[in-house]
Amino acid sequence: MARYPVRERLAHWFSQGGHPRRPALTPERADAAERWISASHPRPERLAAEWQRPPRNTALVPAGCGWDAVAVPCTLAAAAVDELTAEQRADLEGVPLLCDLDCQLVYIPVALGSADRWGDPAVTVLSRDDWLVMPHPRHPPAGHRALWLSLPDGSGRLADVRVLRLAVAQARARQRAARPLVHTAPRAYVPRGPVPPQRTAGCGELGYR
């Protein structure tokens, strides 16, 4: 709990009594998850080969084929879940949910084109030419902190963008309202020559390192 507090907060949605656990893994659920991921890949044989390549047990799967995905910062995703009803949280049980602890992002597959106009700078929409790192459903990856929060159940059901958008917007509003106002004295402007462009640190390719 102390090592991955955000991951644990996310994982408790699917646990009994709030105690974190890995997604339920029965042979049927694992087979269903593998079929769903394979159907998302244009070359299933390449997917199988990547999964068998030690030691990571991960593979790159393209977005924009059967689904798009939204990438939400872990802290914002955890706050957004607090805005969901108990029924809405239960609905996420069969929806694929990925977490990359290196990038601190949660990836949520959604219907193609449904998130095109999301409009929140904190949320990135992944579609054609974007890829997701997907761990093998049965074998946790070694040396990589990509993990499943919820395995695909094989039904093809995806997250409801309208519900997600509202929950994220409400979470952002609460965060802004709770942020304390800091008053600082104005500073005199002193020209110092051209300012170099700022670069944001992060993953070179979203969802993959």
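The model shown is predicted, which means the values in this text are computed figures rather than measured ones.
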[Y] and [X], any side-chain heavy atoms less than 4.5 Å apart:
{"X": "S40", "Y": "C65", "value": "no"}
{"X": "Q88", "Y": "E83", "value": "no"}
{"X": "V61", "Y": "W131", "value": "no"}
{"X": "Y107", "Y": "V133", "value": "no"}
{"X": "P73", "Y": "Q104", "value": "no"}
{"X": "V168", "Y": "V123", "value": "yes"}
{"X": "L126", "Y": "D68", "value": "no"}

Could you list all the salt bridge (Lys or Arg N to Asp or Glu O under 4.0 Å) pairs where at least one residue sits in residues 152-162, not counting sequence neighbours?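 Residue pairs with at least one partner in residues 152-162: D160-R162.
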Between [X] (side chain) and [Y] (backbone), is there a donor-acceptor pair under 3.5 Å?
{"X": "R46", "Y": "L60", "value": "no"}
{"X": "D31", "Y": "E28", "value": "no"}
{"X": "R29", "Y": "L151", "value": "yes"}
{"X": "S150", "Y": "V95", "value": "yes"}

- Message: Considering only residues two or more places apart or on different chains, which pairs with a residue in residues 50-79 satisfy ring pair (Phe, Tyr, Trp, His ring centres under 6.0 Å)?
- Response: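 Found W36-W67, W51-H136.
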Just verifying a value: how many Å separate [X] [atom1] and [Y] [atom2], rounded to the nearest 0.5 Å?
{"X": "D91", "Y": "T85", "atom1": "CG", "atom2": "OG1", "answer": "7.5 Å"}
{"X": "D82", "Y": "R89", "atom1": "CG", "atom2": "CZ", "answer": "5.5 Å"}
{"X": "M134", "Y": "E34", "atom1": "CE", "atom2": "CD", "answer": "13.0 Å"}
{"X": "L98", "Y": "W148", "atom1": "CG", "atom2": "CH2", "answer": "4.0 Å"}
{"X": "L147", "Y": "C99", "atom1": "CG", "atom2": "SG", "answer": "5.0 Å"}
{"X": "R165", "Y": "S114", "atom1": "CZ", "atom2": "OG", "answer": "8.0 Å"}

To check you understand the geometry: which heavy-atom pair defines the closest contact between [X] and [Y], and what is its length?
{"X": "A146", "Y": "P135", "value": "O-CG, 3.4 Å"}
{"X": "A80", "Y": "A167", "value": "O-CB, 3.6 Å"}
{"X": "A69", "Y": "L132", "value": "CB-CD1, 4.1 Å"}
{"X": "A79", "Y": "Q175", "value": "CB-NE2, 3.8 Å"}
{"X": "P137", "Y": "I37", "value": "CG-CD1, 4.0 Å"}
{"X": "I108", "Y": "A159", "value": "CG2-CB, 3.4 Å"}

Would V163 end up clustered with L112 when hydrophobic side chains under 4.5 Å apart are linked, directly or stepwise?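 No; tracing contacts between hydrophobic side chains, which count when under 4.5 Å, never links both residues.
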Q.
Please tell me whether V81 and L166 are part of a single hydrophobic cluster in this structure, the criterion being side-chain heavy atoms less than 4.5 Å apart.
A.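 The answer is no; the residues belong to distinct hydrophobic clusters.
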Over 12 foreign heavy atoms within 6.0 Å of CD, E45
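Yes, the 6.0 Å shell around CD holds more than 12 heavy atoms from other groups.
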Problem - Test side-chain contact (heavy atoms from CB on, under 4.5 Å) applied to A122 - qualifying residues, sequence neighbours left out - result: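 Checked A122 against side-chain contact (heavy atoms from CB on, under 4.5 Å); matches are L76, D120, R172.
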